Engineer: 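Quick one: the structure is below, questions incoming.
All chains are named by letter (A, B, ...) in the order of the sequence lines, taking the proteins before the strands, and each is independently numbered beginning at 1. Just so we're clear, the structure is a prediction, and the values are computed from it rather than from any experiment.
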2 protein chains.
Amino acid sequence: MATVRRPGAYHCGIDAAMDVIGGKWKVLILWALDGRTCRFGELRRLVSGVTEKVLASHLRELEEDGIVHREVYDEVPPRVEYSLTPLGVLLNGALAPLGAWGREHVIGGAAEAPGEAVGGHFPIPSARPLTM
Amino acid sequence: MATVRRPGAYHCGIDAAMDVIGGKWKVLILWALDGRTCRFGELRRLVSGVTEKVLASHLRELEEDGIVHREVYDEVPPRVEYSLTPLGVLLNGALAPLGAWGREHVIGGAAEAPGEAVGGHFPIPSARPLTM
DNA sequence: CCGTATCCAATTAGATACTG
DNA sequence: CAGTATCTAATTGGATACGG
């Protein structure tokens with residue numbers, strides 16, 4: 001289960017969820033890990049602009065909350081791989097409508113064909129550079 | 001349309017949405033206004049713990065982003081009523097799955113009958129005190 | 001009643017350098 | 001490669017008092 005940061009202090013589910021995804025770069029990390037496994041350096045490149053310190057601390061928090069899995073390979077040079085846990089996959093799914101809202105009403109003015117399912121939260125699920 | 005705070009700086013829809021709902025009390029304000037019109041003092045009581053200054057500034061930002069409507073009645077004593085715009089209603093709807101995720105996986109461990117629709121983002125839509 | 005103004009505290013993130 | 005350590009900067013929110 002996820003580590004509850006402020007036990008008993010939540011007013012509703014979103015309040016609680018916001019506590020988990022509240023870091024400045026967290027949803028971008030979630031995005032980067034969607035359906036893929038990444039090494040630290042890869043993530044640093046994908047989430048462009050984030051510093052090592054902040055990326056590391058966000059990853060640690062997401063790990064504590066049960067959202068990402070950290071697999072350490074005892075090799076030299078060292079290798080660590082990050083991926084979403086099942087809970088993280090669920091979270092990413094729950095984020096989808098919000099992402100659709102943001103794309104429709106904040107970013108793009110009127111685009112998106114009406115017939116098309118706009119449930120997706122990612123513009124290009126497996127695009128390499130995250131900066132679109 | 002919503003005022004874009006960081007024009008062109010978004011990496012994806014969620015990133016953009018987070019910019020709109022990012023304030024500490026914003027989702028609680030959204031919650032309080034769901035399906036209801038509130039005066040300033042009412043909101044202050046509903047969103048318990050928020051200070052006047054922060055509530056006022058969050059309301060102003062939500063207004064700038066086209067999420068809440070502010071209706072001023074030129075009376076004495078002054079009366080101002082806040083409500084959700086259609087865009088705010090949509091946002092609240094998009095927040096629902098995230099709220100369900102938070103309730104299920106952060107707050108309540110295993111509750112929720114499986115057959116029940118867990119789409120709702122609010123525990124008690126028209127409850128008076130927000131602190132549950 | 002509905003806010004503003006001011007000042008301060010706390011949290012968060014960035015820059016840079018360094019290590020196993 | 002995958003981080004940690006420090007130190008600093010910026011942002012955000014809180015307390016309190018006052019104004020139209």
Engineer: Contact class for Arg44(B) (heavy atom, under 4.0 Å): base, sugar-phosphate, or nothing?
Structural biologist: nothing
Engineer: Taking only the side-chain heavy atoms of Lys53(A) (C-beta and beyond), determine which of dT6(D), dG3(C), dT4(D) contains the nearest atom.
Structural biologist: dT6(D)
Engineer: Using the side-chain heavy atoms of Phe40(A), tell me which of these nucleotides is nearest: dA15(C), dG3(D), dC1(D).
Structural biologist: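 Nucleotide nearest to Phe40(A)'s side chain: dG3(D).
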Engineer: Ignoring the backbone of His58(B), work out which of dG14(C), dG3(D), dG13(D) is nearest its side chain.
Structural biologist: dG13(D)
Engineer: Please give, in whole Å, the distance from dT11(C) P to Trp25(B) CH2?
Structural biologist: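 Roughly 14 Å, once rounded to whole Å.
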Engineer: Evaluate the side-chain contact (heavy atoms from CB on, under 4.5 Å) criterion for residues His69(A) and Tyr82(A): first the C-alpha distance (whole Å), next the side-chain angles of each, then the deciding distance (0.1 Å), finally the verdict.
Structural biologist: CA-CA 6 Å; His69(A) 172 69; Tyr82(A) 295 91; over 6 Å; no
Engineer: Considering only side-chain heavy atoms of Arg39(A), which listed nucleotide, dA13(C), dG3(C), dA2(D), is closest?
Structural biologist: dA2(D)
Engineer: Between dT4(D), dA13(C), dA15(D), spot the one nearest the side chain of Val54(A), thanks.
Structural biologist: dA13(C)
Engineer: Looking across every strand, which nucleic acid part, if any, lies under 4.0 Å from Tyr82(B) by heavy atom: base, sugar-phosphate, or nothing?
Structural biologist: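 Result for Tyr82(B) = sugar-phosphate.
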Engineer: Roughly how far, to the nearest 0.5 Å, is CG of Asn92(A) from CG of Leu87(A)?
Structural biologist: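 Nearest 0.5 Å value for the CG-CG distance: 11.0 Å.
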Engineer: Check the distance between dT11(D)'s P and Lys24(A)'s NZ and give it to me in whole angstrom.
Structural biologist: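 The distance from NZ of Lys24(A) to P of dT11(D) comes to 9 Å, rounded to the nearest Å.
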Engineer: Would you indicate whether the side-chain heavy atoms of Trp31(A) and Leu95(A) approach each other to under 4.5 Å?
Structural biologist: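 Of all side-chain heavy-atom pairs linking Trp31(A) with Leu95(A), none is under 4.5 Å.
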Engineer: Can you measure Arg70(A) atom CZ to dC1(D) atom P for me and round it to whole angstrom units?
Structural biologist: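 One finds 16 Å between P of dC1(D) and CZ of Arg70(A), rounded.
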Engineer: Rounded to whole Å, please give me the gap between CG in Leu55(B) and C1' in dT12(D).
Structural biologist: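 Answer to the nearest Å: 15 Å.
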Engineer: Counting heavy atoms from C-beta on, name the nucleotide in dC1(C), dG3(C), dT4(D) closest to the side chain of Pro78(B).
Structural biologist: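 When the side chain of Pro78(B) is considered, dC1(C) is the closest of dC1(C), dG3(C), dT4(D).
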